[in-house]
Amino acid sequence: MIYSAKVMEHFANPRNVGELADANGIGEIGNAKCGDIMKIYLKIENDIIADVRFKTFGCGAAIATSSMATELIKGKPLSEALKLTNKAVVEALDGLPPVKIHCSVLAEQAIKAAIADYYTRLGIDPTPIVGVIDTDHDHHDHGCGCDECNV
Ligand code: FES
């Protein structure tokens with residue numbers, strides 16, 4: 001399996017690993033396909049992601065995409081973070097092998113779950129803002145070459 005230099009670099013030196021004691025939005029997502037788990041901690045101030053950390057119990061692609069995703073949302077307004085797709089994360093990493101695309105969905109969904117948690121803590125229903133979070137999820141691009149597409 002060929003990984004891009006960027007994927008290897010983020011896997012070897014993942015950014016923003018750990019926890020935030022003063023997080024005000026925490027999201028955890030599991031990947032139904034492989035059982036891997038990602039947890040994300042957000043510190044949100046005035047609708048801006050002031051700080052972010054993650055912990056991923058998962059494969060190298062999950063760690064690299066989590067790392068890149070945290071870099072892409074750090075310092076950004078919530079509205080922008082909510083628009084982050086797994087596709088954009090994969091592109092920022094110069095691609096992933098097709099069978100690993102499903103790994104990149106963990107970060108996208110965990111960020112959404114953490115933002116939803118933030119709104120819930122404020123007493124605001126997150127669903128109209130964040131949408132439905134697929135916690136048990138198996139996203140892939142049709143025709144991506146994964147097992148699902150090949151059945
Ligand atoms: Fe589980 Fe990659 S194999 S997230």
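On a predicted model such as this, the values are computed, not experimentally measured, just so you know.
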Applying side-chain hydrogen bond (donor to acceptor under 3.5 Å, both in side chains), name anything that partners Glu9, two or more places apart in sequence or on another chain. Asn13, Arg15

Could you state the interatomic distance from CD (Glu28) to NZ (Lys55), rounded to the nearest 0.5 Å? 9.5 Å

Any chain of hydrophobic side-chain contacts (each under 4.5 Å) joining Ile133 to Leu82? yes

Can you see which heavy atom on Val105 is nearest to which on Asn86, and at what distance? CG2-ND2, 3.5 Å

Between Ala50 and Glu45, which heavy-atom pair has the shortest distance, and what is it? CB-OE1, 3.6 Å

Members besides Leu20 in its Ile/Leu/Val/Met/Phe/Trp/Tyr cluster (side-chain heavy atoms under 4.5 Å): Ile26, Tyr41

Residue Tyr119 excluded, over 12 heavy atoms near OH under 6.0 Å: yes

Separation of Cys103 SG from Ile63 CD1 (nearest 0.5 Å): 10.5 Å

Atom of Ala81, atom of Ile73 and distance for their closest heavy-atom approach: CB-CG2, 3.8 Å

Check: Ile44 main-chain N/O paired with Asn24 side-chain donor or acceptor under 3.5 Å: yes

If hydrophobic clusters are built from ILVMFWY residues whose side chains come within less than 4.5 Å, do Val52 and Ile37 share one? no

Could you go through the side chain to side chain contact (heavy atoms under 4.5 Å, CB included) check for Phe54 and Val17 one step at a time? CA-CA 5 Å; Phe54 80 91; Val17 173; 3.8 Å; yes

Do the side chains of Val130 and Leu84 join up, straight or via other hydrophobic residues, at under 4.5 Å, putting them in one cluster? yes

Under a 4.0 Å N-O cut-off, is there an ion pair linking Glu108 with Lys112? yes

Any side-chain donor near an acceptor of the partner, Asp94 and Ser4, under 3.5 Å: no

Rounded to the nearest 0.5 Å, what's the gap from CG on Leu42 to CG on Asp51? Could you check? 9.5 Å

For Ile29 versus Leu106, what's the shortest heavy-atom pair and its separation? O-CD2, 3.5 Å

Which atoms form the tightest heavy-atom contact between Thr120 and Pro126, and what is the distance? OG1-CG, 3.4 Å

Taking all heavy atoms of Thr56 and all of Ser66, pick out the closest pair and write down the distance. OG1-OG, 3.0 Å

Above 12 or not: heavy atoms from other molecules or residues under 6.0 Å from CG of Asp22? yes

